[in-house]
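The basis for the numbers below is simple: all heavy atoms, side chains too, and nothing from hydrogens, waters or symmetry mates. Quick note on labels: first sequence line is chain A, next is B, and so on, each numbered from 1.
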There are 2 protein chains.
Amino acid sequence: MNSLSEILTLDSNAKTKEFKRGEIIQREGTSNSFAFYVKKGLLRSYTIDEKGKEHIFLFASEGWLIADFESQEFERPTDLFIDCLEDSKVVVFNRECFKVAALSDEQLRKNAHLMARRIAVLQKRVIMLMSASAKDRYNKFLETYPELPNRIPQRMIASYLGITPQALSSIRRNVLKSRQFS
Amino acid sequence: MNSLSEILTLDSNAKTKEFKRGEIIQREGTSNSFAFYVKKGLLRSYTIDEKGKEHIFLFASEGWLIADFESQEFERPTDLFIDCLEDSKVVVFNRECFKVAALSDEQLRKNAHLMARRIAVLQKRVIMLMSASAKDRYNKFLETYPELPNRIPQRMIASYLGITPQALSSIRRNVLKSRQFS
DNA sequence: TTGATTTATTAATGTAGATGAATGCGATTA
DNA sequence: TAATCGCATTCATCTACATTAATAAATCAA
């Protein structure tokens, strides 16, 4: 599931593009947003609030899909920026491709797993955000995405967790301290 | 979209059941969880954390579907309780019904809309939880679900928002106070 | 109706995490 | 070779919200 070959059949016209680290490939307010499948590299989606603060919604490394489903399902301009945290190879689908009405049965079926998986991930994230402390969320993040911390600066992990870099720094310090005594 | 007729075709064997207010129709730890479509009444799903505190994940009134997608997609026992906040009429689907392999093309298509909509809602919820204050989340809740506050006790709204009843009470007091001067 | 149980509110106090500022440390560019 | 920039860390202070406790109102059970 979620393999490249599965995805590619969704849209035979989809093209693989290469982007450089730091490139913004989708901006907030865009009304025909795309969906991006990551072949290589690392992308993120995020919002910027009225105070100018970034909130990272999702990281997408190899094999993941990144898109603004809210925007696509309700045909609204997107709230999400998407940019590259590493030089990346990305398959670009146009928005029609993920609108239910436009899809063939075959395409839908392949799509269904991706969507169910995304719902599961989001469900878990909401419950974590509501019920767990920043420290617990950080530990869960390390468990769930053990390879990501090597590729992502701390401040972005903090942003994903919904805390400041300072708060994450002090959590890490306390973890180290408590490890010394055990 | 999301109409009863659409849903019912998903599983012609699905049965409508009636439940009383207060009935728990799914418990945490259950390994074959169900999906519930609300014909009438009001349901909620929630977790209970290790301190015994409830965290409401989702309300479902007429026309909504409630289920633990995480459990179903990954075939794990559910973390979610589901119970009735009002006497309700509910269509009960067994978990197989939402597993992709078991669905006809027709069923899949109807399912896809429901899933896309759910992703959109969850995406919005995550972003709100990360970036908005309790007061802003409350106002957004009132905007998005204007009819719910009449049917749900405050403490459950608080739980949905991720705050305590006391905090919600003081938010409401401040809103009233500021309205007096405008 | 009465007593018991839940609910909303208020207030006092505590705390996780935000904010703002200072420091040192690679990394990039000149 | 600096000189500049972004990043992580530390510290002092502040604040949004939690916790605890008390009270009154509303709901439910007998």
Point to revise | Chi angles and distances behind the side chain to side chain donor-acceptor pair (under 3.5 Å) call for B:D68, A:Q123 | key: CA-CA 8 Å; B:D68 184 347; A:Q123 174 179 314; 2.6 Å; yes
Check your understanding: Between A:R173 and D:dT10, does any side-chain N or O lie under 4.0 Å from OP1 or OP2?
Key -> yes
Review point. In residues 142-153 of chain B, what residues come within less than 4.0 Å of DNA chain C, judged by heavy atoms?
Key: B:P153
Point to revise | Distance (rounded to the nearest 0.5 Å) between A:K17 NZ and A:E23 CD | key: 10.0 Å
Exercise for review: Kindly confirm or rule out a cation-pi arrangement of A:R117 over A:W64, judged by NZ or CZ under 6.0 Å from the six-membered ring centre and within 45° of its axis?
Suggested key: yes
Check your understanding: Just wondering, do A:K39 and A:V91 contact through their side chains at under 4.5 Å, heavy atoms?
Key -> yes
Review point. Which nucleotide sits closest to the side chain of A:R155: D:dC7, C:dT7, C:dT10?
Key: D:dC7
Point to revise | Heavy-atom side-chain proximity of A:L168 to A:R173 below 4.5 angstrom | key: no
Would you be so kind as to tabulate the donor-acceptor pairs closer than 3.5 Å made by side chains of residues 80-90 of chain B, with sequence neighbours excluded?
from: B:D83; atom 1: OD1; to: B:R44; atom 2: NE; distance (Å): 2.8
from: B:D83; atom 1: OD2; to: B:R44; atom 2: NE; distance (Å): 3.4
from: B:D83; atom 1: OD2; to: B:R44; atom 2: NH2; distance (Å): 2.9
from: B:D83; atom 1: OD2; to: B:Y46; atom 2: OH; distance (Å): 3.2
from: B:E86; atom 1: OE1; to: B:R151; atom 2: NH2; distance (Å): 2.9
from: B:E86; atom 1: OE2; to: B:R151; atom 2: NE; distance (Å): 2.8
from: B:D87; atom 1: OD1; to: B:R21; atom 2: N; distance (Å): 2.7
from: B:S88; atom 1: OG; to: B:L42; atom 2: N; distance (Å): 3.1
from: B:S88; atom 1: OG; to: B:E86; atom 2: O; distance (Å): 2.8

Point to revise | A:Y160 six-ring face occupied by A:R125 cation (under 6.0 Å, within 45°) | key: yes
Practice item. Starting from the C-alpha separation in whole Å, work towards a yes-or-no answer on side chain to side chain contact (heavy atoms under 4.5 Å, CB included) for B:T78 and B:Q26. Key: CA-CA 9 Å; B:T78 179; B:Q26 179 178 285; 3.4 Å; yes
Study note, to complete from the structure: To the nearest angstrom, the OH-C1' distance between B:Y138 and D:dC17 comes to 17 Å
**Study point:** Nucleic acid footprint by protein, nucleotides 13-28 of chain C - heavy-atom cut-off 4.0 Å, B for base, S for sugar-phosphate alone
**Key:** ----SSBBB-------
Check your understanding: Could you give the CD-to-C1' distance, from B:Q154 to D:dA26, as a whole number of Å?
Key -> 13 Å
Exercise for review: Specify the separation, in whole Å, of atom CZ of A:R172 and atom P of D:dC7.
Suggested key: 15 Å
